[in-house]
Chemist: 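One structure follows; several queries about it will come next.
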2 protein chains.
Amino acid sequence: MNQRQQELLDRLNRTGKTVIEAEAEHFGVASMTIRRDLRFLEKNGLAVQTKKGAIPKPKIYAAPLNMAEDSAVKRKIAAKLLEMIEPSSTVLLSTGTTTLTFARLLAQQNLPLTIITNSIPIASALFQTRIKVILIGGELRTTSLDLVGPAAEKYLSEYHIDLLVTGCDGADAQQGFYTSDLNLANLEKLSAKVSDKVIVITESRKFGRKALVKFAEIADVDAIITDNHLKAIDRELITRKGVEVFTT
Amino acid sequence: MNQRQQELLDRLNRTGKTVIEAEAEHFGVASMTIRRDLRFLEKNGLAVQTKKGAIPKPKIYAAPLNMAEDSAVKRKIAAKLLEMIEPSSTVLLSTGTTTLTFARLLAQQNLPLTIITNSIPIASALFQTRIKVILIGGELRTTSLDLVGPAAEKYLSEYHIDLLVTGCDGADAQQGFYTSDLNLANLEKLSAKVSDKVIVITESRKFGRKALVKFAEIADVDAIITDNHLKAIDRELITRKGVEVFTT
DNA sequence: CAAATAATGTTATTTTTTAACATTATTGAA
DNA sequence: TTCAATAATGTTAAAAAATAACATTATTTG
């Protein structure tokens with residue numbers, strides 16, 4: 001990589017994008033040269049060519065972040081939740097793919113909020129918005145870029161939260177909510193304890209699937225937001241326990 | 001957003017990219033329609049148009065991660081530091097570009113270590129390695145994806161650290177080390193207090209530049225690692241205070 | 001130094017993108 | 001329901017961008 005390509009990459013990384021014609025002029029070279037540079041950077045995994053230039057190659061967190069495909073169902077659930085958020089409140093947003101979808105939606109709004117989370121992808125999604133972000137410390141899970149463990153619990157225990165928003169790996173209309181990680185289950189239990197209100201957001205297909213550890217009873221939560229494929233019998237069971245159900 | 005756009009976005013997120021002509025065929029519509037869809041997705045911050053299609057919008061602001069250009073100087077300093085690391089020790093790696101370069105080097109080794117850090121880029125760099133990573137919680141700084149503030153200090157105060165490795169924004173051979181953020185300075189002071197040993201790694205060009213807040217005296221640290229352009233007079237002043245100086 | 005090689009520039013050609021308008025579908029009010 | 005209004009999609013010509021191929025200029029190296 002030559003001097004010009006180095007500088008080009010630096011400028012690209014600093015500004016977030018580059019435009020061929022402008023760079024050609026800046027460096028005083030033919031635009032074909034910049035095109036060749038961008039091809040080179042792309043081939044080496046440092047950039048992705050766009051319409052008239054390039055952007056930096058999406059980096060480090062890309063994989064774990066993309067794994068949370070923003071499905072249409074999740075986006076609808078997130079939109080429903082958004083209606084219920086009080087401006088200026090403090091919301092604890094637990095790790096998960098549905099909660100991440102919600103965070104991305106939040107990032108596009110202009111709500112004054114404080115978000116506390118144990119998920120690096122969620123914290124990143126809210127980076128450089130009006131939202132004040134507090135990341136819970138703890139041990140980094142190698143599977144999902146989030147923070148759990150006793151240290152995380154200790155950290156969280158000092159806070160008071162208006163609203164906890166969490167997802168789940170499995171749910172049962174009679175039994176409650178499940179997750180597949182013991183450490184995370186402990187953190188979820190504590191989260192509910194320090195929060196005034198608890199909302200679970202989850203795709204309806206999670207109902208009927210149990211996972212490793214139960215972290216909450218149905219009656220422990222105030223509301224569930226899910227999609228409109230929730231079975232009538234499940235809905236009935238849940239509302240009978242005094243828990244509100246919202247569907248998309 | 002209509003049905004087709006939803007599905008297009010889902011496919012895009014699942015596969016990581018999309019090609020106009022292929023999608024036009026898949027949906028049985030004119031390629032112009034897919035073009036319009038991609039424009040729409042781009043306008044809504046969900047995708048970035050590329051040469052013949054689009055990729056998902058990079059989920060995280062890339063600049064602070066990339067800003068740590070791994071300069072040759074920084075890589076040499078990092079290599080020097082690596083020689084001094086005790087296996088199985090607990091190292092506190094503070095936020096900064098030079099420390100990030102070191103983290104990237106660490107990720108390529110196979111050392112059993114525990115790294116505690118307040119930097120998301122550093123934690124990410126060490127993701128999925130043999131290294132156990134503990135991320136200090138706290139308030140997310142909008143400039144640099146790291147965590148500071150009273151909560152971070154409280155969290156850190158519970159730990160005992162073998163070695164603190166930190167950089168600086170400015171240094172003076174008589175006065176000490178400077179940073180440009182008050183919150184970070186407080187955290188650095190505390191970090192030194194809970195650590196047995198302190199090493200500062202910094203490019204020599206930082207000497208002679210003072211920044212907003214002093215966070216340590218020269219004599220507070222055990223060693224300084226820098227490049228071989230450190231002025232002889234500075235080196236003399238530092239060693240006279242009983243602080244070791246290593247150069248690349 | 002001179003041949004070989006690499007980098008850059010130039011330009012004609014191809015491909016992609018856009019804009020503008022035509023056509024078809026959808027909506028909503030009478 | 002009909003029928004205008006509006007929105008979505010299709011078609012095509014024009015513009016812009018990207019490429020390939022070759023010319024020219026630097027740079028290396030024996």
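Residue numbers begin at 1 in each chain, while the letters A, B, ... track the order of the sequences. Just the heavy atoms: all of them, side chains too, but no hydrogens, waters or symmetry mates, feed the values below.
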Chemist: When you measure from the side chain of K51(A), which nucleotide among dT18(C), dT11(D), dA17(D) comes out closest?
Modeler: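 Selected nucleotide (nearest to the side chain): dT18(C).
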Chemist: Is there a side-chain polar atom (N or O) of T33(B) under 4.0 Å from OP1 or OP2 of dA8(D)?
Modeler: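 The answer is no; no side-chain N or O of T33(B) sits under 4.0 Å from OP1 or OP2.
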Chemist: Give the rounded distance in Å between these two atoms: CZ of F40(B) and C1' of dA7(D).
Modeler: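 From F40(B) CZ to dA7(D) C1': 14 Å.
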Chemist: Using side-chain contact (heavy atoms from CB on, under 4.5 Å) as the criterion, point out the one residue from L81(B), L82(B), I77(B) that pairs with L105(B).
Modeler: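 The side-chain contact (heavy atoms from CB on, under 4.5 Å) with L105(B) is passed solely by L82(B) among L81(B), L82(B), I77(B).
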Chemist: Take the protein atom CD of Q3(B) and the nucleotide atom C1' of dT26(C), then report the distance between them rounded to whole Å.
Modeler: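 It works out to 17 Å between those atoms.
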Chemist: From the list dT8(C), dT16(C), dT9(D), which nucleotide is the closest neighbour of the side chain of N2(B)?
Modeler: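 The closest nucleotide is dT9(D).
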Chemist: Salt bridge or not for K52(B) and E21(B), using N-O below 4.0 Å?
Modeler: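 No.
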Chemist: Could you tell me how far apart I34(B) (CD1) and dG10(D) (P) are, to the nearest whole angstrom?
Modeler: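 Distance check: I34(B) CD1 to dG10(D) P gives 9 Å.
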Chemist: Reckon R39(A) has a side-chain N or O less than 4.0 Å from the OP1 or OP2 of dA18(D)?
Modeler: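 Checking R39(A) against dA18(D): no side-chain N or O falls below 4.0 Å of OP1 or OP2.
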Chemist: In whole Å, what is the span from the CE atom of M32(A) to the C1' atom of dT13(C)?
Modeler: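 Going from M32(A) (CE) to dT13(C) (C1'), I get 13 Å.
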Chemist: Charged N to carboxylate O under 4.0 angstrom, K197(A) versus D222(A)?
Modeler: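 No.
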Chemist: Under a 3.5 Å cutoff, is there a donor and acceptor pairing between the side chains of T226(B) and E203(B)?
Modeler: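 On atom types as modelled, these side chains do not qualify, holding no pair under 3.5 Å.
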Chemist: Please answer whether the main-chain N or O of S94(B) pairs with a side-chain N or O of N118(B) as donor and acceptor at a distance below 3.5 Å.
Modeler: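 Between the backbone of S94(B) and the side chain of N118(B) there is no qualifying donor-acceptor contact (under 3.5 Å).
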Chemist: Is there a side-chain polar atom (N or O) of R36(A) under 4.0 Å from OP1 or OP2 of dA18(D)?
Modeler: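 Indeed not, no polar side-chain atom of R36(A) lies that close.
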Chemist: Between dT9(D) atom P and L38(B) atom CG, what is the distance in whole Å?
Modeler: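 Going from L38(B) (CG) to dT9(D) (P), I get 13 Å.
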Chemist: For DNA chain D, what residues of residues 22-29 of chain A have any heavy atom nearer than 4.0 Å?
Modeler: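 Hits under 4.0 Å, by residue number: none.
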Chemist: Should the pair R4(A)-D37(A) be classified as a salt bridge under the 4.0 Å nitrogen-to-oxygen rule?
Modeler: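 Answer for the salt bridge query: yes.
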Chemist: Mapping D37(B) and K52(A) to their closest nucleotides on DNA chain D, which lands nearer the 5' end?
Modeler: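 Nearest-nucleotide comparison on DNA chain D picks D37(B).
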Chemist: Would you call E23(A) and R11(A) a salt bridge, using N to O less than 4.0 angstrom?
Modeler: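 Salt bridge present between E23(A) and R11(A).
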Chemist: Between S31(A) and I20(B), who's closer to the 5' end of DNA chain C by nearest nucleotide?
Modeler: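 That would be S31(A).
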